[in-house]
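To start, the structure under review is shown below, and the notes come after it.
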Amino acid sequence: MSTADTDTMYQEIILDHYRYPHHKGLRDPYDVEVHHTNPTCGDEVTLRVQVLAGLVKDVSYDGQGCSISQASTSVMTDLLIGKPLAQALSTHEAFLALMQSRGTLEPDENVLEDGIAFAGVSKYPARVKCALLGWMAWKDATAQAVAQTKEAS
Amino acid sequence: MSTADTDTMYQEIILDHYRYPHHKGLRDPYDVEVHHTNPTCGDEVTLRVQVLAGLVKDVSYDGQGCSISQASTSVMTDLLIGKPLAQALSTHEAFLALMQSRGTLEPDENVLEDGIAFAGVSKYPARVKCALLGWMAWKDATAQAVAQTKEAS
Amino acid sequence: MTAFDVEAVRKDFPVLSREVHGHPLVYLDSASSSQKPRQVLEAERIFVEEHYANVHRGVHTLSQEATDGYEAARSTVAAFLGARHEEIVFTKNATEAFNLVAYALGNPGSPVRLGPGDEIAVTEMEHHSNLVPWQMLAERTGATLRWLGLTDDGRLDLSDLDEVVNERTKLFAFTHVSNLLGTENPVDVLVARAKQVGALTFVDGVQSVPHQAVNVPSLGVDFFAFTGHKMLAPSGVGVLWGRDLNALPPFMGGGSMIEVVQMSGSTYAAAPERFEAGTPVISQAVGLAAACDYLTALGMDAIKDHETALTAQLLDGIRALDGVSVLGPDTTELRGSAVSFVVDGVHPHDVGQSLDDLGIAVRVGHHCAAPVCRRFGVPATARASSYLYNNAADIDALLEGIVKVQAFWGVR
Amino acid sequence: MTAFDVEAVRKDFPVLSREVHGHPLVYLDSASSSQKPRQVLEAERIFVEEHYANVHRGVHTLSQEATDGYEAARSTVAAFLGARHEEIVFTKNATEAFNLVAYALGNPGSPVRLGPGDEIAVTEMEHHSNLVPWQMLAERTGATLRWLGLTDDGRLDLSDLDEVVNERTKLFAFTHVSNLLGTENPVDVLVARAKQVGALTFVDGVQSVPHQAVNVPSLGVDFFAFTGHKMLAPSGVGVLWGRDLNALPPFMGGGSMIEVVQMSGSTYAAAPERFEAGTPVISQAVGLAAACDYLTALGMDAIKDHETALTAQLLDGIRALDGVSVLGPDTTELRGSAVSFVVDGVHPHDVGQSLDDLGIAVRVGHHCAAPVCRRFGVPATARASSYLYNNAADIDALLEGIVKVQAFWGVR
Ligand SMILES: Cc1ncc(COP(=O)(O)O)c(C=O)c1O
Ligand SMILES: Cc1ncc(COP(=O)(O)O)c(C=O)c1O
């Protein structure tokens with residue numbers, strides 16, 4: 001299993017995050033909890049966000065799924081926790097753009113850090129949904145959290 | 001318009017019956033009148049039968065349609081009027097068999113007389129329905145007439 | 001000299017070198033179905049021989065390649081119409097597209113509810129495929145079907161438009177170009193009225209999309225359908241375009257159109273997948289995209305000009321004949337290339353058969369638009385319909401053929 | 001030595017000489033869709049290049065030849081099933097066939113009327129295409145959907161058959177062979193119970209017809225459906241068989257399915273035309289007939305024996321591995337050739353992707369049978385499914401591949 005292809009898809013970074021996920025487990029306190037699934041393969045993630053004073057205070061999650069979905073959620077928490085919301089959203093956009101690029105985008109390591117390992121995955125449309133599962137859940141939860149704050153104020 | 005093909009399809013006999021149809025026009029008395037159409041081309045025939053003492057007493061008709069449907073109805077009246085019902089039904093069967101033969105049956109002139117001219121038409125599935133229009137109407141009307149007689153007796 | 005080189009085009013169509021009854025084939029039945037160029041057959045063959053698998057169902061290489069091919073086809077078709085990828089649903093033909101909407105509008109979650117007192121409007125020149133689904137929908141729901149009539153020269157009679165399309169009208173379905181009369185309808189006028197009364201609109205583009213440039217979103221309609229086999233593509237593929245397909249509940253249920261399936265109930269995917277239940281028409285969609293590419297390379301405007309010249313030649317030629325008349329507009333203005341005609345004293349069936357004997361293929365019958373025949377008091381017509389691969393010699397052959405038919409049947 | 005020469009068969013399939021990621025392609029995804037032999041592609045090509053026109057619509061030579069080809073295809077398919085010509089409806093896929101009946105049963109003139117209190121029965125192992133249409137029908141009519149559960153070894157749990165199929169059951173739809181588990185169901189037992197209670201029966205033959213001889217009329221069922229693309233035919237064609245199709249009102253409305261059309265209402269043609277609205281899947285039907293001919297020439301029993309040998313090899317091979325388990329029957333008895341398996345510690349998606357890296361195509365996911373995954377507590381499975389063109393080397397490659405996958409993912 002050492003062809004060039006496997007190497008693009010399953011970079012060591014991805015395998016590490018898959019085997020030893022960061023920030024995994026559901027934590028309190030949180031503002032919003034969402035549950036997202038990928039119906040085609042059964043991957044699921046339950047994800048909680050806490051947004052405080054314009055900061056991504058915490059992102060915690062639990063789920064099951066393939067290496068790509070689990071590793072990408074783990075990478076995401078590294079990238080987003082503690083960041084200003086605006087910056088987190090633009091990181092989200094950068095990752096989304098990378099995944100939709102079908103292997104044509106050169107990712108920016110300054111922005112995406114370990115996330116650049118997913119550039120190879122973007123060549124496999126069937127796996128792009130896996131890589132985006134956690135990210136879509138975070139976006140959804142964050143939008144709800146922000147809406148709640150607005151209502152409350 | 002003198003290729004072999006036209007010749008098989010449009011035999012002089014057919015053209016004659018088309019131009020000068022026999023027994024055309026609706027007549028009294030009759031037992032049953034039916035109206036049949038060929039929805040794909042708009043051909044229609046109204047047909048009356050009188051069945052008396054096991055004889056095809058009369059078949060009269062009116063209609064509009066292509067040369068094949070008009071000629072075949074005309075030929076049919078020649079063949080059936082005045083015949084014992086059983087013989088008429090077997091003539092009907094012989095004509096049906098010819099038309100469904102896709103050009104493979106050698107028709108029996110003793111049975112079908114001018115009807116043998118339609119052997120060529122049987123190679124053209126789209127026209128078989130035309131050739132059968134009057135014959136199907138006669139079969140239908142005759143079945144009804146026979147049923148009426150049975151009920152009455 | 002025009003840039004459109006019909007003789008070069010003809011070489012792409014293998015069947016055109018065929019003989020029929022000892023004569024070179026003159027194919028004038030493209031409004032029924034068109035022939036297919038090598039390029040389309042080749043695109044489909046390569047796809048099937050090298051990149052075929054089911055789509056949207058796997059991670060293996062062939063399945064990814066097949067999915068890529070299928071979705072790229074959707075993008076190509078979308079671009080051909082000036083539309084967006086997700087507005088395109090692949091069906092098996094245009095007929096399925098009409099039925100899809102007719103059934104979906106009766107399903108739970110429909111944006112309109114039809115019942116007694118509601119109306120559906122159509123026109124008297126519809127193909128059965130854009131008429132019977134609405135008759136059936138009316139029957140299922142108790143709604144009333146109404147229709148615009150025709151003028152003697154084969155145009156829509158707009159004098160009672162405001163009455164036929166009124167406040168009770170929930171949907172107005174009409175054809176862009178009539179397959180029997182050739183008439184092109186004033187979509188803008190009809191859509192404007194539908195918008196006034198808040199009715200959904202559904203345009204049948206089966207006879208327009210193959211023959212002229214159509215920017216579908218700019219028509220202002222809600223739904224639009226056409227079929228691949230009349231525009232150089234294989235049989236077995238059609239298209240439904242919808243402005244807002246996600247507002248519509250599903251039609252057929254099954255694989256691929258679902259989100260979460262439990263025994264106790266299911267949720268559905270977003271459009272276009274929602275409307276493509278089961279294994280889709282995979283290689284046929286690839287063929288349709290190749291057909292769009294072929295047409296685009298030649299240019300839809302050049303094709304339209306070419307056909308208009310042929311139509312003018314045919315209409316002029318028939319006008320010069322005695323005992324032959326045209327049903328429908330007799331100039332090329334707002335008109336497609338299908339020309340229905342009647343030869344006095346010869347039944348259309350016999351006209352068609354006699355022309356076939358000369359190698360000339362025209363269609364005879366009611367052309368799946370029986371109400372039009374009834375409106376004009378004929379049982380059927382003969383119809384010659386040309387396309388990009390027909391040339392002036394084809395029209396000459398037809399005109400000479402009609403004269404021979406008259407002679408054979410002794411009507412001249 | 002058997003008369004079935006798999007190496008000769010393989011030569012008929014162009015794609016099998018392809019490489020994937022530097023390895024020869026090992027195609028084990030035929031339960032999703034099969035590859036197509038040259039003979040089928042060639043039959044379709046000749047038809048399209050030389051005899052193509054629309055069908056049932058004209059008297060000209062091409063239109064007659066096309067109609068002959070299309071109707072001969074119907075006869076070939078009928079003979080393949082031991083059925084009669086007029087019992088065969090061509091659809092675009094099997095999914096359309098299920099929906100056809102599900103909608104027709106709700107239309108005016110239906111032989112059964114469904115409403116609250118009535119029941120529809122299915123099983124927990126159905127493909128979504130034989131489940132969602134009945135869920136939707138139940139939702140439309142207020143009827144209740146019930147289902148037979150599964151035993152731990154992947155068979156139908158027949159212990160509550162009498163309760164699930166009861167006097168209120170109007171229709172019982174079940175699969176002949178499961179696409180996920182491979183299970184072949186006891187059609188006779190299920191039909192006998194349905195007959196006791198007077199329920200209509202609909203058998204999903206999608207995974208049986210390609211792989212074994214099926215005499216459909218002798219099954220005693222009312223409806224039967226299958227799909228062409230899984231049996232060497234092009235995508236875009238499926239079949240509905242019905243014992244008495246004329247008892248069913250129409251589904252889709254449009255051209256060809258009508259008798260007399262007036263603006264105020266229409267009457268419908270007899271079966272099979274009644275159910276083929278619009279231009280049918282013409283060249284695809286011709287391709288399906290060529291596929292039937294190809295299979296018949298090899299012999300369905302020989303094909304079944306060949307596949308059974310491969311299935312035994314695979315089941316034995318997996319049994320010999322640690323950390324790999326099969327979902328569904330683990331012997332070849334009453335079983336098709338689709339084998340779903342789970343590799344402990346490696347998500348099916350990763351299994352599939354890693355195998356693809358070795359050129360081995362298996363499908364991963366819920367295989368459009370999500371309730372089965374849920375029943376067995378797995379999110380998804382990997383599935384290897386063989387067909388007449390697979391050989392023992394393919395199975396060996398898969399078994400070795402699984403071991404390599406385990407090593408790569410560090411679970412062994
Ligand atoms: C058992 C079974 N039923 C139904 C279907 C649906 O077939 P299609 O997608 O061709 O409609 C499939 C395959 O997808 C299947 O495996
Ligand atoms: C105007 C029009 N609408 C609809 C159709 C139906 O198209 P299809 O048979 O491909 O569904 C046709 C052609 O048959 C047509 O000419």
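All chains are named by letter (A, B, ...) in the order of the sequence lines, taking the proteins before the strands, and each is independently numbered beginning at 1.
In this structure, OG1 in T61(C) is found 6.5 Å from OH in Y124(A), a value given to the nearest 0.5 Å.
The parts of E259(C) that come within reach of chain A are both its backbone and its side chain, each placing non-hydrogen atoms under 4.5 angstrom from that chain.
Heavy atoms only, all atoms of each residue included: K123(A) and Q64(C) are closest at O-OE1, 4.3 Å.
Atom NZ of K57(A) has 12 or fewer heavy atoms from other residues, nucleotides or ligands within 6.0 Å. Environment of CZ in R84(C): sparse, with no more than 12 heavy atoms of neighbouring residues, nucleotides or ligands closer than 6.0 Å. By the 6.0 Å contact criterion, CZ on R113(C) is open, its count of non-hydrogen atoms from other residues, nucleotides or ligands being 12 or less.
Among the residues in residues 125-144 of chain A, those with a non-hydrogen atom closer than 4.5 angstrom to a non-hydrogen atom of chain C are P125(A), A126(A), R127(A).
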